[in-house]
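For reference, the structure is listed below as structure tokens.
Chain identifiers are assigned alphabetically (A, B, ...) following the order of the sequence lines, protein sequences preceding nucleic acid strands; residue numbering begins at 1 within each chain. No hydrogens, no waters, no symmetry mates; every other heavy atom, side chains included, goes into these values.
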Number of protein chains: 2
Amino acid sequence: MLNEPTLQHSQDCGNCPIRHRAVCARCETDELEVLEEIKYYRSFEAGQTVVWSGDKMDFVGSVVSGIASLTQTMEDGRTQMVGLLLPSDFVGRPGRDGAAYDVVATTDLVMCCFRKKPFERMMLETPHIAQRLLEMTLDELDAAREWMLVLGRKTAREKIASLLSIIARRDASLKLSGAQGTLVFDLPLTREAMADYLGLTLETVSRQMSALKRDGVILLEGKRHVTIPDLSRLLEEAGDDSDGGMMV
Amino acid sequence: MLNEPTLQHSQDCGNCPIRHRAVCARCETDELEVLEEIKYYRSFEAGQTVVWSGDKMDFVGSVVSGIASLTQTMEDGRTQMVGLLLPSDFVGRPGRDGAAYDVVATTDLVMCCFRKKPFERMMLETPHIAQRLLEMTLDELDAAREWMLVLGRKTAREKIASLLSIIARRDASLKLSGAQGTLVFDLPLTREAMADYLGLTLETVSRQMSALKRDGVILLEGKRHVTIPDLSRLLEEAGDDSDGGMMV
DNA sequence: CGAGCGGTTGAGACTGTTCAAGGACGGTGG
DNA sequence: CCACCGTCCTTGAACAGTCTCAACCGCTCG
């Protein structure tokens with residue numbers, strides 16, 4: 001059951017789907033060539049653990065496809081998801097040996113990994129990488145802080161609406177479906193994963209999903225297929241600025 | 001009542017109290033000289049707002065002394081503190097015009113500010129600054145994620161214990177009082193500020209402080225002076241690893 | 001002295017949790 | 001093909017923890 005992750009050989013960075021968004025986004029062709037030498041792909045099935053908190057990590061890397069989550073667990077089993085890693089997001093911390101969190105494949109997952117030592121050396125020599133990593137880290141910090149408001153001050157209903165609007169928005173940006181009309185997507189998370197992200201129990205998540213459905217804020221086909229007829233209504237329910245104002 | 005912040009002229013970076021921890025920590029003497037030309041000091045009284053969320057920010061900077069807090073506020077007034085800025089912590093985001101959060105002086109505060117445009121230019125030319133900033137940002141991201149666990153999964157009592165242990169620890173590290181014995185410090189936060197940090201009401205904070213005092217986990221003289229007779233007991237109450245294990 | 005601020009405490013309401021039962025769906029083996 | 005099982009999800013009822021509203025304390029400042 002616990003298959004080993006699959007290793008694949010390097011592929012051309014040129015037509016990588018996350019070429020323009022990942023940590024390598026600013027690299028020139030010659031810089032990419034150096035990266036290609038220290039990179040390798042790894043695939044994981046949904047549910048597999050990529051790294052255990054506290055373990056030594058000899059690589060850093062980017063999510064190429066699929067979704068991974070960063071989770072923290074207390075001794076008694078309470079767990080909190082502290083990051084949702086989407087394609088192009090970066091995993092690992094240069095300059096640190098151990099992993100600070102569990103990294104778990106939420107869906108089937110492909111990662112582009114770099115051996116850590118050479119990557120760290122490259123960071124010193126290649127400002128383009130360090131610059132991009134700083135930018136990405138600042139974005140993640142903003143996201144984490146936005147999430148602190150959700151966790152600390154929002155009601156269960158608002159939490160669910162916040163999560164749905166985040167997923168809906170990034171899904172829309174992936175599909176480039178700029179239309180502000182109705183959004184449709186598949187939830188990549190189980191109710192339990194949603195609960196761990198939102199600091200709720202899975203029962204509460206289920207109840208609030210039902211409530212949002214009953215009130216017409218969302219439509220559900222099956223458990224996972226979500227339609228959002230009116231995004232501004234959802235944002236209202238999330239307690240966000242009604243205009244959905246983004247600070248870019 | 002709302003005094004203007006005081007501006008002071010540049011002082012020598014050489015004997016700056018945060019010289020070795022701030023964003024300039026890795027700078028050489030000649031790099032410091034460039035920094036001195038674009039820097040200025042600003043002082044704020046406790047309670048003053050340094051920046052309003054959404055406002056244009058034409059500077060970035062470091063906390064020199066005192067404490068500032070980063071807060072987010074919803075339209076209905078619910079507020080969540082998303083960062084506690086201690087001496088040497090960095091404020092502002094290179095590459096972005098507007099402030100994403102309110103920055104408020106929690107105590108009297110002195111900041112070392114850099115004009116943003118020249119600072120951004122310098123970041124491109126001076127890897128030492130960008131490297132240090134990346135390191136600091138990664139640390140802040142870790143702190144934010146640790147806080148997400150507190151906000152999402154801990155009980156009120158555990159939240160208070162977590163906050164106290166964080167303040168106690170950084171206070172000990174400032175004073176270099178390596179002794180693992182009893183710790184003594186003054187709370188720099190009002191009950192309301194603690195509540196905003198912990199996602200609680202001030203009444204709950206007050207009750208749990210009383211409970212921890214009643215149970216002998218902490219000693220209180222007045223409202224603010226705290227003595228921790230047994231740090232490991234406090235960490236236990238916080239739900240943290242009993243050994244207080246730090247991942248450095 | 002009174003006003004204002006920060007803090008404490010109590011009583012009751014309410015949100016979300018816990019515990020428990022059961023439904024829907026997909027895969028597997030007879 | 002169907003029965004069975006496991007996983008994911010839903011729903012209900014009782015309960016607990018935190019919030020809300022309110023009163024009050026002690027201190028400082030004018």
Side-chain angles (χ1 to χ4, degrees), chain A residues 1 45-48 74 76-80 104 106-107 150-164 186-215 218-226 237 239, chain B residues 1 45-48 74 76-80 104 106-107 150-164 186-215 218-226 237 239:
Chain A
M1 180 63 211
E45 293 177 14
Q48 276 188 304
M74 297 170 65
D76 60 8
R78 282 177 281 177
T79 79
Q80 175 67 48
V104 181
T106 296
T107 64
V150 173
L151 289 173
R153 291 303 187 191
K154 292 197 177 177
T155 64
R157 186 181 174 98
E158 289 170 333
K159 285 180 173 182
I160 299 286
S162 298
L163 178 58
L164 291 177
D186 283 303
L187 264 179
L189 303 174
T190 65
R191 298 289 185 263
E192 186 178 18
M194 293 173 69
D196 284 343
Y197 200 48
L198 295 166
L200 297 170
T201 58
L202 67 89
E203 292 95 331
T204 299
V205 170
S206 183
R207 274 186 254 273
Q208 296 297 338
M209 288 288 289
S210 301
L212 288 175
K213 174 184 175 186
R214 172 168 26 79
D215 299 344
I218 62 175
L219 308 178
L220 278 178
E221 283 169 72
K223 325 286 188 192
R224 301 289 195 90
H225 193 75
V226 181
E237 293 284 356
Chain B
M1 179 62 213
E45 293 176 13
Q48 276 188 303
M74 297 171 64
D76 61 7
R78 281 177 282 176
T79 81
Q80 174 67 49
V104 181
T106 296
T107 64
V150 173
L151 289 173
R153 291 303 187 190
K154 292 196 177 177
T155 65
R157 185 182 175 100
E158 289 169 333
K159 285 180 174 182
I160 300 286
S162 298
L163 179 57
L164 291 177
D186 282 303
L187 265 179
L189 304 174
T190 65
R191 297 291 186 264
E192 186 178 19
M194 293 172 69
D196 283 344
Y197 200 47
L198 295 167
L200 297 170
T201 58
L202 65 91
E203 293 95 331
T204 299
V205 170
S206 184
R207 274 187 255 272
Q208 297 297 339
M209 288 288 288
S210 301
L212 289 175
K213 175 184 173 187
R214 173 169 23 81
D215 298 344
I218 62 174
L219 307 178
L220 277 178
E221 283 169 70
K223 325 289 189 187
R224 301 291 194 92
H225 193 75
V226 181
E237 294 284 355

Determine the contact category for A:T190: base if any of its heavy atoms lies under 4.0 Å from a base atom, sugar-phosphate if only primed atoms, P, OP1 or OP2 are that close, otherwise nothing. sugar-phosphate
Which residue lies toward the 5' end of DNA chain D, A:R153 or A:L220, if each is placed at its nearest nucleotide? A:L220
Determine: side-chain N/O of A:S206 to OP1/OP2 of D:dT10, distance under 4.0 Å, yes or no. yes
Donor-acceptor pair (no angle test) under 3.5 Å: B:R207 side chain, C:dG10 base: yes
If you round to the nearest 0.5 Å, how far is CG of B:L187 from CE of B:M194? 5.0 Å
Let me confirm one number: the CG-CD distance from A:D215 to A:E237, rounded to the nearest 0.5 Å. 7.0 Å
Would you tell me if any nitrogen or oxygen in the side chain of A:T204 comes within less than 4.0 Å of OP1 or OP2 on C:dT17? yes
I'd like to know if B:E203 reaches the base of D:dC21 with its side chain, counting only an N/O donor and acceptor under 3.5 Å. yes
B:E192 CD: over 12 foreign heavy atoms closer than 6.0 Å: no
So what does A:G47 touch, heavy atoms closer than 4.0 Å: a base, only the sugar-phosphate, or nothing? nothing
Of the options C:dG16, D:dT18, C:dT8, whose atoms approach the side-chain atoms of B:L202 most closely? C:dT8
If you pin B:R224 and A:K223 to their nearest nucleotides in DNA chain C, which one's is more 5'? B:R224
